[in-house]
*Asks:* 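Quick one: the structure is below, and I'll ask about it shortly.
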Amino acid sequence: RGDTDDARRVLRIVFRREFANSGDADGRPNPVGVRLLCLYGLGQLWNAEVGEAVRDALRDPDPDVRRVAAELLGRNA
C-alpha cells in the first residue's frame with residue numbers, strides 16, 4: 001500500500017512539474033513526449049484529482065495530447 005501511495009505522489013509531482021507548468025526557463029514548452037508520458041502515467045492512477053488534471057490537458061496546444069486526454073476521460077469518466 002505504501003508503495004502505491006508513493007508512486008501516486010511521484011506521478012502527481014512529475015505531472016505538475018513537467019506538464020501543468022509546461023515550459024522551461026526560456027519559456028519553451030516541454031516536449032510532447034513528456035506531456036504524453038505524464039498523461040499515460042496518471043491514467044493508471046485514476047481518481048478525481050487525476051480526472052481534473054486530464055481535463056486541463058484538453059487545452060494543450062498539441063492535438064496528440066488533447067486526443068490522449070479525451071481518450072482517458074472517455075475510458076475513466
Side-chain angles (χ1 to χ4, degrees):
R1 173 95 177 136
D3 290 343
T4 301
D5 291 339
D6 290 343
R8 288 174 191 245
R9 192 174 309 113
V10 167
L11 275 173
R12 285 188 196 115
I13 291 167
V14 167
F15 184 80
R16 277 189 227 117
R17 184 173 180 199
E18 301 298 335
F19 185 84
N21 299 326
S22 60
D24 62 15
D26 296 324
R28 294 180 298 235
N30 285 318
V32 171
V34 170
R35 299 193 315 270
L36 289 171
L37 284 173
C38 287
L39 282 173
Y40 284 123
L42 287 172
Q44 300 301 310
L45 304 170
W46 196 266
N47 63 25
E49 183 181 6
V50 170
E52 185 177 316
V54 171
R55 278 189 291 282
D56 290 343
L58 292 172
R59 292 190 299 266
D60 192 272
D62 187 87
D64 289 332
V65 173
R66 292 191 308 266
R67 179 185 52 76
V68 169
E71 288 174 3
L72 288 171
L73 286 168
R75 196 175 312 137
N76 295 293

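These values consider heavy atoms only, across backbone and side chains, with no hydrogens, waters or symmetry-generated copies.
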*Asks:* Taking all non-hydrogen atoms of both residues, which atom of Arg66 and which atom of Leu58 are closest, and how far apart?
*Replies:* CD-O, 3.1 Å

*Asks:* What closest approach, in Å, do Val65 and Ala57 show between heavy atoms, and which atom pair accounts for it?
*Replies:*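 What the structure gives for the nearest pair is CG1-O, 4.2 Å.
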
*Asks:* Let me know which of Val50, Asn47, Leu37 forms a side-chain contact (heavy atoms from CB on, under 4.5 Å) with Leu42.
*Replies:*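 Among Val50, Asn47, Leu37, the one that satisfies the side-chain contact (heavy atoms from CB on, under 4.5 Å) with Leu42 is Val50.
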
*Asks:* Could you go through residues 69-77 and list every donor-acceptor pair under 3.5 Å that involves a side-chain atom there, pairing it with any protein atom two or more places apart or in another chain?
*Replies:*
| from | atom 1 | to | atom 2 | distance (Å) |
| --- | --- | --- | --- | --- |
| Glu71 | OE2 | Arg67 | NH1 | 2.9 |
| Asn76 | ND2 | Leu72 | O | 2.9 |

